[in-house]
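Every value quoted in this text rests on a predicted model; they were computed, and no experiment measured them.
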2 protein chains.
Amino acid sequence: MSKKTTIYDIAKKLNITAATVSRALNGNPKISESTRQLVNETAKEMNYEQNKLAQALKSGKSYNVGVIVPRIDSNFFALVIRGIEEVLYAKGYHVIICQTHDQKKLEIQNINSLLNAQVDGVLMSISNSGSEENENFDRLLKKNVPLIFFDRKKDIDGISAVTIDDFKAGYEAAQHLINQGCKRIAHLSNNRKIQIFNNRYLGYKQAILDNGLEFDESLVIETASKVEEGSKATKILLDMEMPPDAIFSSSDFAALGAIQEIKSRGIRIPQDICIVGFANEPFTRFMELPVTSVDQSPLEMGRISAQVFLDEVDKGKKKIPNKQVVLNPELIIRKSSLKSEA
Amino acid sequence: MSKKTTIYDIAKKLNITAATVSRALNGNPKISESTRQLVNETAKEMNYEQNKLAQALKSGKSYNVGVIVPRIDSNFFALVIRGIEEVLYAKGYHVIICQTHDQKKLEIQNINSLLNAQVDGVLMSISNSGSEENENFDRLLKKNVPLIFFDRKKDIDGISAVTIDDFKAGYEAAQHLINQGCKRIAHLSNNRKIQIFNNRYLGYKQAILDNGLEFDESLVIETASKVEEGSKATKILLDMEMPPDAIFSSSDFAALGAIQEIKSRGIRIPQDICIVGFANEPFTRFMELPVTSVDQSPLEMGRISAQVFLDEVDKGKKKIPNKQVVLNPELIIRKSSLKSEA
DNA sequence: TAAATAACTGTAATCGATTACATAAATATA
DNA sequence: TATATTTATGTAATCGATTACAGTTATTTA
């Protein structure tokens with residue numbers, strides 16, 4: 001109701017200046033213990049709360065950080081965000097979450113919006129659909145707003161990134177399928193202009209070649225990370241003259257679509273076709289037929305991304321070499337690919 | 001790099017005052033057309049961008065709005081948020097999303113955090129675990145920060161709310177099961193101190209009574225909205241002397257747990273037991289056995305909540321009667337409850 | 001032509017917190 | 001005792017945008 005109390009109100013009441021009050025509240029060592037106590041008590045009495053907007057104006061820091069992800073209703077991104085929040089909240093930051101829904105237009109809009117909100121930094125996983133252009137990222141960098149990529153990254157000078165070793169993840173997934181006796185392993189990829197998807201693909205390919213199997217490019221299909229798209233792609237695969245005996249999908253959602261399509265044709269999993277997904281979404285564990293998937297330690301990814309941001313903020317203008325953190329993926333083996341036990 | 005340009009820079013360049021620049025940029029009618037143009041052009045040339053922090057300090061508005069939900073990795077909340085964003089972004093607001101994970105402690109922390117960020121309003125779905133106390137909400141109200149509940153609400157004077165008609169939803173779900181010939185319908189409820197859960201329960205109960213069936217309180221179990229909890233509760237139900245022939249769950253996640261438990265015992269769905277969930281999460285559609293569920297038009301709920309907030313902000317201090325918007329639920333019937341066709 | 005009005009623009013205070021610099025009082029040093 | 005050094009606080013500018021009020025022309029009216 002009544003106006004908020006400011007340091008001026010406190011100052012007037014104690015017959016001192018706002019400067020002294022400010023210093024006392026901020027623990028400036030030049031303030032005598034007696035007045036410090038007095039000020040603190042009075043502040044409490046008067047329900048003083050610092051006006052963050054004023055402080056922000058003065059310091060040029062908003063203590064807001066933007067996080068941009070393709071979508072928030074995936075467990076993976078939700079957990080990354082949780083990790084980010086955990087670290088940043090503790091440092092007094094607020095997190096503004098934006099979704100791109102994999103549309104470049106929205107990505108640009110989001111960046112504008114965050115810039116507008118004068119965020120102190122941006123942590124993001126880039127959108128799928130996208131030109132080769134980096135102007136948006138450049139705009140952030142030019143303004144000295146730290147930008148950190150996680151998961152879906154691009155190699156841009158001056159931008160740190162936190163990912164898992166996607167090549168290794170792809171390699172291990174394929175190797176696992178090969179170990180199960182699969183010979184024709186298909187791959188539901190995603191936009192391979194995005195590094196992580198390309199790396200998963202490359203790892204998968206390498207494993208096939210390393211094992212002396214034939215690599216068939218026609219078994220690789222790019223799809224969006226959606227159930228329907230997974231089904232669609234699987235239709236194509238199953239209709240081939242020599243259909244695959246395994247599918248490694250770089251998305252759990254697409255894998256789910258694949259499973260639906262396969263089951264609808266009465267083909268057995270894992271006996272006839274083995275399935276491996278990616279991201280370890282909870283439903284992979286909860287399904288009647290639990291799905292093998294790759295865990296990306298999203299919580300950890302979020303925490304580390306936040307830490308990288310904090311480091312960059314601290315270092316201020318000093319240009320530091322962009323940090324590239326690579327986490328270890330973990331293949332979680334479940335029934336959908338356990339031919340040996342079926 | 002170089003400092004940001006301010007209205008003072010523009011003023012200096014044009015040999016006028018910052019006041020004039022400010023007025024020109026804001027379309028003040030007292031400014032001559034010529035200078036207005038000149039200012040606008042120069043602003044563009046110099047890459048001028050308004051400092052929102054300064055404006056926020058002056059106006060007392062941060063143009064930040066807080067949204068508090070139990071979790072973001074559920075399709076329901078993700079869509080509500082999307083609806084909110086849609087409306088608020090268009091009005092120049094930013095949205096700060098917070099999760100409570102159904103912990104009162106985090107809820108309080110979130111509110112503090114948002115208050116700290118000087119948000120212009122808070123839209124929230126209250127957390128489950130909770131005392132009867134409303135002090136946190138009162139704190140917002142005392143500061144004249146509009147608070148709007150959606151979905152999980154409480155009746156508090158001065159707080160508007162947007163929900164679906166949960167009583168009707170519960171009633172229709174139960175009626176549907178009765179129509180399928182079910183006689184002993186169990187209910188996986190949730191904390192019934194939360195209105196929406198109590199209303200679903202009451203609707204369910206009323207339908208049973210209206211149809212002359214016996215109402216058995218022991219068939220009602222409170223569980224959290226989690227897969228594991230759903231399984232656990234279902235174990236109890238199936239171990240009863242007279243197990244139910246249908247389960248109406250007020251959560252899709254708990255329903256999923258129920259289905260797992262039921263299937264693991266070799267009991268058939270829907271022949272032996274029918275299942276109805278709640279929230280129309282995507283997986284209900286994608287499962288091998290698609291699950292009947294209640295749609296709550298989350299997008300619409302978000303949009304309307306945002307609109308209610310905008311209305312309250314506009315009206316300013318004038319106390320307006322708290323608005324209570326009630327949306328219509330829609331029962332989406334799928335195989336899990338279609339005994340008649342099985 | 002003098003007075004009144006309109007049309008612009010400038011002056012300066014304001015939002016609330018921070019901080020370099022100045023100053024006063026208290027204490028230490030020679 | 002006179003000077004140097006601390007210690008504690010006050011003064012005033014600053015961050016950038018907004019706006020009530022005042023002031024200056026230019027235009028209109030009597």
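- Across all strands shown, B:L25 has no heavy atoms under 4.0 Å from either base or sugar-phosphate atoms.
- The side-chain heavy atoms of B:N136 and B:K104, taken from C-beta on, include a pair separated by under 4.5 Å.
- For the pair B:N28 CG and D:dA17 P, the interatomic distance rounds to 16 Å; values are reported in whole Å.
- Within the structure, a side-chain polar atom (N or O) of A:T20 is placed less than 4.0 Å from OP1 or OP2 of D:dG10.
- For A:T35, counting side-chain heavy atoms from C-beta on, the closest listed nucleotide (D:dT18, D:dT9, C:dT9) is D:dT9.
- Distance, A:L57 CG to D:dA17 P: 9 Å, rounded to whole Å.
- Comment: A:D73 does not engage B:R71 in a salt bridge, judged by the lack of any side-chain N to carboxylate O separation of less than 4.0 angstrom.
- In terms of position on DNA chain C, the residue among B:A19 and A:E49 whose nearest nucleotide sits closer to the 5' end is B:A19.
- In this structure, CG of B:N51 is placed 6 Å from P of D:dA17, rounded to the nearest angstrom.
- Put simply, A:Q55 has no side-chain N or O that comes within less than 4.0 Å of OP1 or OP2 on D:dC15.
- A cation-pi contact, defined as under 6.0 Å to the ring centre and within 45° of the axis, is absent between A:K91 and A:Y93.
- Checked against C:dA17, C:dT19, D:dT18, the side chain of A:R23 finds its nearest nucleotide in C:dT19.
- Salt-bridge formation is not detected for the pair B:K142/B:E135: no Lys NZ or Arg NE/NH1/NH2 atom is positioned less than 4.0 Å from an Asp or Glu carboxylate oxygen.
- A:R36 and A:E33 are joined by a salt bridge, as a carboxylate oxygen and a charged side-chain nitrogen come within less than 4.0 angstrom of each other.
- A close approach under 4.0 Å does occur between a side-chain nitrogen or oxygen of B:Y48 and OP1 or OP2 of D:dA17.
- Considering only the side chain of A:T6, C:dG16 comes nearest among C:dG16, D:dT9, C:dT9.
- The CD atom of B:Q50 sits 17 Å away from the P atom of D:dC15 (whole-angstrom rounding).
- Between the side chain of B:K58 and the base of C:dT14, a donor-acceptor pair under 3.5 Å is found.
- Counting any heavy atom pair closer than 4.0 Å across all strands shown, A:S22 reaches a base atom.
- Heavy atoms of B:N26 sit under 4.0 angstrom from primed sugar atoms or phosphate atoms, though from no base atom.
- Atom pair A:K12:NZ and D:dG10:C1' shows a separation of 17 Å (rounding to whole Å applied).
- Regarding B:R36, its CZ atom lies at a distance of 11 Å from the C1' atom of C:dC8, rounded to whole Å.
- Residue A:L53 is out of contact with every strand shown, counting any heavy-atom pair closer than 4.0 Å.
- Protein atom CD of A:E33 is 10 Å distant from nucleotide atom P of D:dA8, rounded to whole Å.
- The NZ-C1' distance, from A:K52 to C:dT18, rounds to 14 Å in whole Å.
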